[in-house]
Each structure stands twice: as structure tokens, then as C-alpha cells.
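The block underneath contains the structure these notes are about, expressed in C-alpha cells.
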Amino acid sequence: MMKKWIGLICSVLMVFSLTACSAQVNESEKNVSENTSAAAAENETAAQEGTVEQEGSNEKMNRQIKVTGANGETIVFELNNTLAAEGLYNQLPLTVEVENFSNNEKIFYPANELSTKDTPLARSGVGTLAYYAPWGNVVMFYRDFSSNSSLYRLGQAVSGEELIGELSGTITVEKVE
């Protein structure tokens, strides 16, 4: 009879033990899931802002370009870390004609087309630097604009954004080193 009781007690203890372990595993899985979800949300936000690091890159690139107008207006843009921004950066320096387009943007054409792979769409904002893929032009916004499925974000003005609307004629676009 004593052996039966000892066997029963051991069985009950094993069940409690397994239940406790299962609860700990479930809690660990929940924490991993929450951390994974938080990391995914952070990466999604970074992708929308165009600040996701390229694979294999250990540091975020903080490349800047300077646009100088015929009258000495200077606007500095910080580029995001995308193939499109890198493509523009690698074509510099450029001397090009800037054109008015609509009532909120100035545009110019780089020598070569830019790759928009993994480049986020541009969202409205003064000082936004973007690429309009169908026409192959770079856009500098001096007023708010509507989103467009073919308008990709390259960067943001960090100084001189109020001068974009004054640009006309020949401009130079060069790297800030």
C-alpha cells in the first residue's frame, strides 16, 4: 500500500513540475514574441523613414549633399541609406538646370536613373528630397505635397530649406565632405 502512495505522490509532483515548466516556457515564448514584434515595428518605422541600414553595413551612412544656386543659395540635404540616394551621391558633382514644377517643387535630372529598390515612398514635408521614377527627376519640395506611388524619398534638408523656392537656372549639386 505504501508503494502505491509513494507512486501517486511522485506522479502528482511530476505533473506539477511539468505544469510549472510549461508555464515558464510559455512566458519565455511570449517575451520573445513581444520583443520580435517590437523589433519588427521599429524596423518598419525605420524603413518608412528611409533609415534602415543596408545588409552587411555596420554603420548608418550620414551622407550629405549641397545644392548651390546661381545666386549663391545653398541647401544642404542629408541623404537616407537607400540605393536610390547612393546612386545620386555617386553621380556627384553635377551641374544641371533646375526647373519649376507646380507650385511646390523644383526639379533636376541626374545623368543616370536611380534604383528605387527598397527605397521608401516620400511623404509630405517641406525640405523633402525625392526621386520621381517615371520621369527620372530629383525633386526638392519647398511646400507640402501629396504622396505618390512613384515618388521615393532620398533625404531631407538640414539647412536652407527656405531657399529651395528661390532656385533658378543652373545649380551645382555636390558632396559635402
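We use all heavy atoms of the structure for the numbers below, so side chains are in, but hydrogens, waters and symmetry mates are not. Quick caveat, the model's predicted, so the values are computed rather than measured. If you read the sequence from its start, that first residue is 1, and numbering goes on from there.
Summarising the hydrophobic clusters (Ile, Leu, Val, Met, Phe, Trp, Tyr; side-chain heavy atoms under 4.5 Å, direct or chained), the residues clustered with Val176 are Val76, Val158.
Tyr131 and Leu79 fall within the same hydrophobic cluster, defined by Ile, Leu, Val, Met, Phe, Trp and Tyr side-chain heavy atoms under 4.5 Å apart, directly or through other members.
Between Ile65 and Leu129, the closest side-chain pair of non-hydrogen atoms falls below 4.5 Å. Residues Asp144 and Val126 are in side-chain contact: their nearest non-hydrogen atoms beyond the backbone lie under 4.5 Å apart. Considering only heavy atoms from C-beta on, Val138 stays 4.5 Å or farther from Ile107 through its side chain. When side chains are defined from C-beta on, Leu154 counts as touching Leu114, because their heavy atoms get closer than 4.5 Å. Between Val96 and Ile171 the shortest side-chain heavy-atom distance falls below 4.5 Å.
Taking the side-chain contact (heavy atoms from CB on, under 4.5 Å) definition, one finds that Asn148 meets it with Tyr132, Ser150, Leu151, sequence neighbours left out. Under the side-chain hydrogen bond (donor to acceptor under 3.5 Å, both in side chains) criterion, Gln64 pairs with Glu78, sequence neighbours left out. The side-chain contact (heavy atoms from CB on, under 4.5 Å) search around Gln156 returns Thr128, Arg153, Glu161, not counting sequence neighbours.
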Kindly determine whether Asn71 and Leu167 satisfy side-chain contact (heavy atoms from CB on, under 4.5 Å), including the steps that lead there.
-> CA-CA 8 Å; Asn71 296 324; Leu167 292 173; over 6 Å; no
In sequence, state the C-alpha distance, the side-chain angles, and the governing distance for Phe77 and Val67, and then conclude on side-chain contact (heavy atoms from CB on, under 4.5 Å).
-> CA-CA 8 Å; Phe77 292 93; Val67 176; 3.8 Å; yes
Check against side-chain contact (heavy atoms from CB on, under 4.5 Å), Leu94 and Thr172 = CA-CA 6 Å; Leu94 292 172; Thr172 58; over 6 Å; no
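Under the ring-ring contact (aromatic ring centres under 6.0 Å, His included) criterion, the residue pairs touching residues 138-177 are Phe141-Phe145, with sequence neighbours excluded. Residue pairs meeting the salt bridge (charged side-chain N to carboxylate O under 4.0 Å, His left out) criterion with at least one partner in residues 162-177, sequence neighbours excluded, are Lys66-Glu174. Residue pairs meeting the ring-ring contact (aromatic ring centres under 6.0 Å, His included) criterion with at least one partner in residues 89-114, sequence neighbours excluded, are Phe101-Trp135. Applying the side chain to side chain donor-acceptor pair (under 3.5 Å) test to residues at least two apart or on different chains, the pairs with a partner in residues 97-107 are Glu97-Thr170, Asn100-Lys106.
Annotation for Ile164 and Gly127: closest pair CD1-CA, 4.1 Å, computed over non-hydrogen atoms. Looking at every heavy atom in both residues, Ala122 comes nearest to Ala130 through CB-CB, 4.1 Å.
Judged purely by atom type and a 3.5 angstrom limit, Thr82 uses its side chain to pair as donor or acceptor with the backbone of Ala85.
For the atom pair Ile75 CD1 and Thr68 OG1, the distance stands at 7.5 Å (nearest 0.5 Å).
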